[in-house]
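The block underneath contains the structure these notes are about, expressed in structure tokens.
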Amino acid sequence: MADVHRGSGSRIIRWIDHRLPFMAMMQHELYDYPTPRNLSYWWNFGSLAGIMLVIMIVTGVFLAMQYTPSASLAFDSVERIMRDVNYGWLNRYAHANGASMFFAILYIHMFRGLYYGSYKAPRELLWMLGVLILVLAIATAFMGYVLPWGQMSYWAATVITSLFSAIPLIGQGIVTFLWGGFTVGDPTLHRFYALHYLLPFIILAVVLLHLIALHRFGSNNPLGIDMKGPQDSIPFHPYYTIKDLFGLCVFLLIYAFFVFYAPNFLGSPDNYIPANPMQTPNHIVPEWYLLPYYAILRSITFSILGIPAKLLGVIFAFGSLFVLLIVPWLDTSSVRSSQFRPIYKWLFWVLVIDVLALGWVGANPPQGIVVTVGQIATLYFYVHFLILLPVLGKIERPRPLPSSIAAAVLGDAAGVAAPAAPMGRS
Amino acid sequence: MADLTDENIRHAHSDTTRRDFLMLTAGALGAVAVGATVWPFIDTMNPARDTLAASTTEVDLTPVAVGQRLTVAWRGKPVFIDHRTTAEIKTAREVDIAQLRDPQSDAERVKKPGWLVVVGVCTHLGCIPLGQKTGDDRGPFGGWFCPCHGSIYDTSGRIRQGPAPANLAVPPYEFTGNATIRIG
């Protein structure tokens, strides 16, 4: 590490670094950090999610300076932000659409992980921390959605907190506790605001753990095989900093499109009606990123073994996140990348379609064909994770893996020359 | 000091020592202390005294004609008051109770047959059922219909179809006069 600080202007930095090795750590984790040489653009979404989290915190802090978390004033304070506060509209639209962008990024990031087996040993904890981030993000987004105190805010809060009333015996007590009253009201709004401000910082802490776990073994890659030597990797800077930066520019274009040209496209118009505890909107729908869970919740219309449908719906909806958590142990195949798994590769895409179908079901009123599709899609979701994944690992015949990343990427010439190095090392 | 009887020597060498005992009791007391420290914070989230205090509502029923329905607010939630017609009472009482999801006779749910008083919150996920306004869809049983997930209640507020597990709740109330009630 002696040559960590290049250049002449680093005497002060050296003095500090000797006592607080922060720059050395950054150098190690962001500059030299050896990264597989074959990462595709699907590997952009981790850093995108991190940047999006920062954007959410920054816009959120400035919104908090203008917002009033009181049932009688919340709606008007949001309208004031939109009309009177300088650039308030920009800040609010950036925050509201930012939530959608954050979830889109998270979901792509997670499907990437599922496709390339990024959750497999030794990255199980890395994956589980990621699922934890998703759960925290859902809680944060839900509470944030309540803050504008429109009709959808109010009734989303009512319906979602009422889920806990499904718990036998203590359910109603828990709901009263969550509300701080006998309905969703002023105390509920205050606590949601406090927690909505707190949770992103907890997410930030979990992101840090996620990064520590990531840097322990480095990124997975499209081939899903380990780096075996220096010929398999390139330094993170400048190769992936520039790639991430390019991806960021493309992403920001999409984000800006929504913020400037379709700021309410992803929201529900009902949320511009002030909350009215005496009237429920005819059709309650969550934001798009929660639709699949909502579809699962509603798809259980029957009781099993005496457990009422309502409780089962809640169990299955939360269970969909739990199966994600234990995916590292459900998937029994030791081959990571779908490129070498001829059957799983197709099942992955069936799962994608299944989740999209659940999203469609969640967006539509539960009548007729929607109910049937929802039930089939819910069943398949669980069959995929609980039956197909474990069984497939036993019966699928994977295609032969390349000898190294360098051999696969650089072709046969390198493949012949390369093996000497890793063998010498092992 | 303890005398060196066989009994004492055996204790000194057994696996449960005095140190284990101290560890356990200290641990248990520590857990109690943590619980006692955390509880005040948790309890701040329970309904506050002013929230609990605002829990009775007086209603004058004189202007409500037979066949009319009235919504009043109690504890921030709607209470449905239905001045039922004799036909509605009759259909509510003719139902075979055994086949209901949440078996309750109509007589158990009212203080005076003409007046049904129920909390207007669907027992599924807390939406407010339709049926209070003229022209609302009351569902096939003439009671209430919840637009959120399709629960259907009869003229006694009992669940008849859909995902809701229980009947519309009857709030605590009493007739304070011939045509006034106090809810709560």
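Each chain gets a letter, A, B and so on, in the order the sequences are listed, and its residues count up from 1. Source: prediction; values computed, not measured.
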query: Could you state the interatomic distance from OG1 (A/Thr176) to CE (B/Met45), rounded to the nearest 0.5 Å?
result: 12.5 Å
task: To the nearest 0.5 Å, tell me how far B/Gln132 CD sits from A/Gln279 CD.
output: 11.5 Å
Closest contact, heavy atoms only, [X] versus [Y]:
X        : Y        : result
B/Pro147 : A/Pro281 : CG-O, 4.5 Å
B/Pro78  : A/Pro277 : CD-O, 4.1 Å
A/Lys310 : B/Thr123 : NZ-O, 3.0 Å
A/Trp155 : B/Ile128 : CH2-CG1, 3.3 Å
A/Gly181 : B/Pro47  : N-CG, 3.8 Å
B/Cys127 : A/Ile284 : SG-CD1, 3.7 Å

- prompt: Of the listed residues (B/Val121, B/Ile42, B/Leu130), which shares the most heavy-atom pairs with chain A below a 4.5 Å separation?
  reply: B/Ile42
Around [X], counting heavy atoms of other residues, nucleotides and ligands shown, do more than 12 lie under 6.0 Å from its [atom1]?
X        : atom1 : result
B/Lys111 : NZ    : yes
B/Asp96  : CG    : yes
A/Met278 : CE    : yes
A/Phe322 : CZ    : no
A/Phe265 : CZ    : no

task: Report the residue from A/Thr183, A/Thr158, A/Val184 that forms a side chain to side chain contact (heavy atoms under 4.5 Å, CB included) with B/Lys77.
output: A/Thr183
Report all side-chain donor-acceptor pairs from residues 163-170 of chain B shorter than 3.5 Å, counting only partners two or more places apart or in another chain.
unit_1: B/Asn167; atom_1: OD1; unit_2: B/Ile159; atom_2: N; d: 2.9
unit_1: B/Asn167; atom_1: ND2; unit_2: B/Asp102; atom_2: O; d: 3.0
unit_1: B/Asn167; atom_1: ND2; unit_2: B/Asp102; atom_2: OD2; d: 3.4
unit_1: B/Asn167; atom_1: ND2; unit_2: B/Gln104; atom_2: OE1; d: 3.0

- line: Whatever's closer than 4.5 Å to a heavy atom in chain B on A/Leu297 counts as side chain
Side-chain touch A/Leu163/B/Leu125, heavy atoms, less than 4.5 angstrom: yes
